[in-house]
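See below for the structure under consideration.
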Amino acid sequence: MSETTPGYVTAARAQVPEPATPVLSAPLRNSFDYTRSLGPVLTRFAEGLLAGEIVGGRSADGRVIVPPSEFDPASGAPTTEFLTVGPAGVITTWSWQPEPLPGQPLSEPFAWALIRLDGADTDTLHAVRVSTPDEITSGARVVPVWSDQRTGRIDDISWFVLGDTAADAPANAGEGPATPGMITTPIGLEIDHTATVEESWYLEGLKNGKLYGNRTADGVYFPPRQASPATGEPAGERVELPDHGIITTFCIVNVPFLGQQIKPPYVAAYVLLDGADIGFLHLILDVEASEVRMGMRVQAVWRDESEWDHTLRNISHFRPTGEPDADYDSYKNHL
């Protein structure tokens, strides 16, 4: 559309200045290992995979479901009848994966396919190893290629290949699941995170041992915000804050969990820095957990400067200063 086209509306264009602070960007990966109990039905499926077999479950209407459903979709009753299916099967539909992603079954292009295993009445999703999409069609026969390091997960089948005669699964050299009937699935998300202008100077401040917040219509925020959460107005000036303040609320962590770096009990608390109007969560150490209290004055304990990076972990923890506790009225509106 050009400016002479009927109905064309000329948009107002504002000049956006370059940010005064370089905008930071870095890869960001969030991940955790999800551990769950399989229950009696899926445990049978996992045990089959360990043995180099594919197990399905029969429903009340006679259908064979793979993997077996924990509860019969026809009657709602628990599945109790199991049988071995396949291992060969037929492709019912498929799609091409031209650029495999990390964690997928193959590092070169391959096909995802729904496979109706011999003896089954439902389809199973898995990878089919072929060189080009021209080699694969719906209706093609496929057989599994088994891993020799089986753990009771669906990727004990490395992938399927075209063919009608399946080779026996090799002897399992894997250790199997650490706990029978349990499965651990790594889950992760990796992105390239570009910080906002406010995040960038906040993170640069941490790298240099400084704590920067900013002023909004409803007070001073640390970490800083782009706009007031209360009114939506753009945030104002940058504010350098001291590394000491008071504990507003806290909890004592008594329960151990996977990846825990500090032995319980310890305290996680919201620390309200002097001059700020909202607290942020951090560790309280160098004091018995039972002695931590609301209003306690605390001071940041910084890691060695050689360890500083663009992260709040530059502060190892907060410790009590020994000063008198703050009066409740001085922080009751910041809980």
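Not measured: the values here are computed from a predicted model. One is the number of the first residue; the rest follow in order along the sequence.
- To the nearest 0.5 angstrom, Leu42 atom CG is 8.5 Å from Ile183 atom CD1.
- In terms of hydrophobic clustering, with Ile, Leu, Val, Met, Phe, Trp and Tyr side chains grouped at heavy-atom distances under 4.5 Å, Met294 and Ile246 are assigned to a common cluster.
- Contact of the Gln299 side chain with the Phe318 side chain is not registered, since no non-hydrogen atoms from C-beta on lie closer than 4.5 Å.
- For residues 266-283, every residue pair satisfying the side-chain hydrogen bond (donor to acceptor under 3.5 Å, both in side chains) rule, not counting sequence neighbours, is listed here: His244-Asp274, Gln260-Tyr266, Asp274-Arg297.
- Between the side chains of Thr321 and Glu323, at least one donor N or O lies within less than 3.5 Å of an accepting N or O.
- A distance of 4.5 Å separates CD1 of Ile65 from OG of Ser59, quoted to the nearest 0.5 Å.
- Lys210 contributes atom NZ, which lies 12.0 Å from atom CG of Leu241 (distance to the nearest 0.5 angstrom).
- When the shell of 6.0 Å around OH of Tyr34 is examined, it contains 12 or fewer heavy atoms from other residues, nucleotides or ligands.
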Please test Leu206 against His310 for side-chain contact (heavy atoms from CB on, under 4.5 Å), starting from the C-alpha separation and ending with a verdict.
CA-CA 6 Å; Leu206 290 172; His310 299 89; over 6 Å; no

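- Under the 4.0 Å criterion applied to side-chain N and carboxylate O atoms, Lys207 and Asp309 are not assigned as salt-bridge partners.
- When atom types are taken as modelled, the side chain of Glu204 and the backbone of Trp201 share no donor-acceptor pair closer than 3.5 angstrom.
- Judged by the 6.0 Å and 45° rule, Arg238 forms a cation-pi pair with Tyr212.
- Trp308 and Trp302 have tilted rings, their planes meeting at an angle from 30° to 60° on a 0 to 90° scale.
- Applying the side chain to side chain donor-acceptor pair (under 3.5 Å) criterion to Asp33, with sequence neighbours excluded, gives no partner residue.
- Atom CD of Glu240 is surrounded by more than 12 heavy atoms from other residues, nucleotides or ligands within 6.0 Å.
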Could you check Trp112 against Val128 for side-chain contact (heavy atoms from CB on, under 4.5 Å), going step by step and ending with a plain yes or no?
CA-CA 6 Å; Trp112 288 111; Val128 178; over 6 Å; no

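- Side-chain contact check for Asp156 versus Thr151: some heavy-atom pair is nearer than 4.5 Å.
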Show your working on side chain to side chain donor-acceptor pair (under 3.5 Å) between Asp123 and Thr92 and close with a plain yes or no.
CA-CA 8 Å; Asp123 297 336; Thr92 59; 3.0 Å; yes

Could you please spell out the steps behind the side-chain contact (heavy atoms from CB on, under 4.5 Å) verdict for Thr311 and Leu203?
CA-CA 6 Å; Thr311 170; Leu203 295 171; 6.0 Å; no

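- Checking Ile115, Thr124, Asp121 one by one against Val66, the side chain to side chain contact (heavy atoms under 4.5 Å, CB included) holds for a single residue, Thr124.
- Using a distance-only test at 3.5 Å, with no hydrogens or angles considered, a donor-acceptor pair links the side chain of Arg153 to the main chain of Thr184.
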Give the table of side-chain donor-acceptor pairs shorter than 3.5 Å for residues 218-227, with sequence neighbours excluded, one pair per line with atom names and distance.
unit_1: Asp218; atom_1: OD1; unit_2: Thr216; atom_2: OG1; d: 2.8
unit_1: Asp218; atom_1: OD1; unit_2: Ser228; atom_2: OG; d: 2.5
unit_1: Asp218; atom_1: OD2; unit_2: Tyr221; atom_2: OH; d: 2.6
unit_1: Arg225; atom_1: NH1; unit_2: Pro223; atom_2: O; d: 2.5

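- Legend: side-chain hydrogen bond (donor to acceptor under 3.5 Å, both in side chains) pairs involving residues 248-258, not counting sequence neighbours: none detected.
- Under 4.0 Å is where a charged nitrogen must lie from a carboxylate oxygen, and between Arg129 and Glu108 at least one such pair does.
- When only modelled atom types and interatomic distance are considered, Asp72 and Thr79 share no side-chain donor-acceptor pair under 3.5 Å.
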Begin with the C-alpha distance, continue with both residues' side-chain angles, and end with the deciding distance and a verdict on side-chain contact (heavy atoms from CB on, under 4.5 Å) for Ile54 and Leu117.
CA-CA 9 Å; Ile54 305 172; Leu117 296 165; 3.7 Å; yes

Distance-only donor-acceptor hits, side chain of residues 158-165, under 3.5 Å, sequence neighbours excluded:
unit_1: Asp164; atom_1: OD1; unit_2: Arg141; atom_2: NE; d: 2.6
unit_1: Asp164; atom_1: OD1; unit_2: Arg141; atom_2: NH2; d: 2.9

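- Val255 and Phe32 fall into different hydrophobic clusters, where Ile, Leu, Val, Met, Phe, Trp and Tyr residues are linked whenever their side-chain heavy atoms come under 4.5 Å apart, directly or through other members.
- For the residue pair Glu198 and Asn214, no side-chain donor N or O sits within less than 3.5 Å of a side-chain acceptor on the partner.
- A distance-only check finds no donor-acceptor pair linking the side chain of Ser316 to the backbone of Arg303 [under 3.5 Å].
- Atom CG of Leu28 is separated from atom CD1 of Ile191 by 5.0 Å, given to the nearest 0.5 angstrom.
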Between Asp329 and Lys332, is the salt bridge (charged side-chain N to carboxylate O under 4.0 Å, His left out) condition met? List the steps.
CA-CA 5 Å; Asp329 286 340; Lys332 67 180 182 182; 3.5 Å; yes

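- No single ILVMFWY cluster, assembled from side-chain heavy atoms under 4.5 Å apart, contains both Leu114 and Val142.
- Interatomic distance, Phe250 CZ to Leu283 CG, rounded to the nearest 0.5 Å: 14.0 Å.
- Rounding to the nearest 0.5 Å gives a distance of 13.0 Å between OG of Ser107 and CD of Glu99.
- Judged by distance alone, the side chains of Asn172 and Trp146 never bring a donor and an acceptor atom under 3.5 Å apart.
- Looking at heavy atoms from C-beta onward, Phe280 lies in side-chain contact with Leu312 at the 4.5 angstrom threshold.
- Although no hydrogens or angles enter the test, the distance criterion places no donor-acceptor pair under 3.5 Å between the side chain of Asp148 and the main chain of Ala173.
- At a threshold of 4.5 Å between non-hydrogen side-chain atoms, the residues Pro100 and Leu106 do not count as touching.
- A single hydrophobic cluster is not seen to contain both Leu125 and Val90; linkage of ILVMFWY side chains at heavy-atom distances under 4.5 Å, directly or through other members, places them apart.
- Scanning all heavy atoms of the two residues, the minimum distance from Ser37 to Met182 falls at CA-SD, 3.6 Å.
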Full working for side chain to side chain donor-acceptor pair (under 3.5 Å) between Glu307 and Asn314:
CA-CA 7 Å; Glu307 301 179 41; Asn314 295 350; over 6 Å; no

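- Under the 4.5 Å side-chain contact rule for hydrophobic residues, Val271 and Val287 share a cluster.
- Taking 4.5 Å as the limit, every side-chain heavy atom of Arg319 sits out of range of all side-chain heavy atoms of Val298.
- In this structure the side chain of His317 reaches within 4.5 angstrom of the side chain of Asp286, judged on heavy atoms.
- For the pair Gln104 (side chain) and Leu101 (backbone), a donor-acceptor distance under 3.5 Å is present.
- In this structure, the side chains of Ile247 and Val292 come closer than 4.5 Å at one or more pairs of heavy atoms.
- Under the side-chain hydrogen bond (donor to acceptor under 3.5 Å, both in side chains) criterion, no residue pair touches residues 41-50, with sequence neighbours excluded.
- Side-chain atoms of Arg29 do not come within 3.5 Å of backbone N or O of Gly188 as any donor-acceptor pair.
- Contact check for Val85 versus Val64: side-chain heavy atoms found under the 4.5 Å cut-off.
- Across all non-hydrogen atoms, the minimal contact from Val55 to Pro68 is O-CD, 3.3 Å.
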